Amino acid sequence: MGQKKSKNSGIPNEHFFQKPWFWMLLVLIGLIVASVFAFNTFRHQKATITANNAARSSLANKDEKQQLNDNAKYFGELSVQDLQAQPQKYLQQQGNENATLYIWRIDSSTTLVRVDTNDGQVTIYQYDSDPEKMMKNQLFQTSK
C-alpha cells in the first residue's frame, strides 16, 4: 500500500504567536489604544481649561462691574467743593436750571456723569451717547 504524506511535511509546527504578523498586529492594536487614550486625555484637559477660562472671565466681568459701581458710589459721595477743587478731573457743566452736571472720565472706555439737582439729589450714570440709554444705566443715587 502507499504511504500517506502528512500535510505538514517539511514545515516545522509554529504557533500563531510565533509568527511576525501576530506581533505586528499586537503593536498596531497597542498604538490605537494609546492614541485613543491620549486623545481623550487631551479633550478632557481642553474642556477643563475652557471651563477655567470661562470662570475667570466671569469673575473678571464681576470685578469690572463691581469696580464701576464702586467708582460711581465714590463719585456720588464727593462733596461739591471736592468736585470744584479739581476741574481738570471733574468737568462741570450747567444742565437745565434745576441741575448741575459733573463728568468724570475714568479711562478711555468709561465715563461717569453726575447729575446734582437743586433739591439735593445726586444721581450717577454711565455715559452713553444716547441719552435714553444713559438714563437707563443708573449706577448710584442718593439724597443729600
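Nothing here was measured: the structure is a model prediction, and the numbers come from that model.
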| remark: Rounded to the nearest 0.5 Å, the NZ atom of Lys73 sits from the CD1 atom of Ile124 at a distance of 12.5 Å
| request: Report whether Leu31 and Leu26 are members of the same hydrophobic cluster (ILVMFWY, side-chain heavy atoms less than 4.5 Å apart, transitive linking). | output: no
| Under 3.5 Å side-chain donor-acceptor pair for Asp70 and Gln66 | yes
| query | Do Glu77 and Thr142 come close enough that some side-chain heavy atom pair is under 4.5 Å? | reply | no
| query | Hey, do the aromatic rings of Phe75 and Tyr102 have their centres closer than 6.0 Å? | reply | no
| Is there a side-chain contact between Leu112 and Ile103 (heavy atoms, below 4.5 Å)? | no
| Would you say the side chain of Asp82 lies within less than 4.5 Å of the side chain of Ser79, judging by non-hydrogen atoms? | yes
| field | Transitive ILVMFWY side-chain link Phe22 to Met24, under 4.5 Å | value | no
| request: Working to the nearest 0.5 Å, report the span between CG of Leu78 and CD of Gln86. | output: 8.0 Å
| query | CG/Asp116 to CG/Leu83 distance, rounded to the nearest 0.5 angstrom? | reply | 7.0 Å
| request: Have a look at Gln126 and tell me which of Asn69, Val113, Asn137 forms a side-chain contact (heavy atoms from CB on, under 4.5 Å) with it. | output: Asn137
| Roughly how far, to the nearest 0.5 Å, is CG of Leu139 from OG1 of Thr123? | 10.5 Å
| message | Whether the side chain of Gln84 engages the backbone of Tyr90 through a donor-acceptor N/O pair (distance < 3.5 Å, no angle test) should be reported. | response | no
| said: With a 3.5 Å distance limit and no angle check, can you tell me whether Arg114 reaches the backbone of Gln92 through a side-chain donor-acceptor pair? | reply: no
| request: Keeping the roles fixed (side chain from Thr41, backbone from Phe37), state whether a donor-acceptor pair exists under 3.5 Å. | output: yes
| Around atom NZ of Lys89, are there more than 12 heavy atoms of other residues, nucleotides or ligands at under 6.0 Å? | yes
| If you count the non-hydrogen atoms of other residues, nucleotides and ligands that lie under 6.0 Å from CD in Glu132, is the total more than 12? | no
| Distance-minimising heavy-atom pair for Ala99 and Val115 | CB-CG1, 4.0 Å
| What distance separates Trp104 CH2 from Thr110 OG1, expressed to the nearest 0.5 Å? | 10.0 Å
| field | Minimum heavy-atom distance between Tyr127 and Met134, given as atom pair plus value | value | CA-SD, 3.6 Å
| request: Show your reasoning for whether salt bridge (charged side-chain N to carboxylate O under 4.0 Å, His left out) applies to Arg105 and Asp107. | output: CA-CA 6 Å; Arg105 186 170 186 162; Asp107 57 37; over 6 Å; no
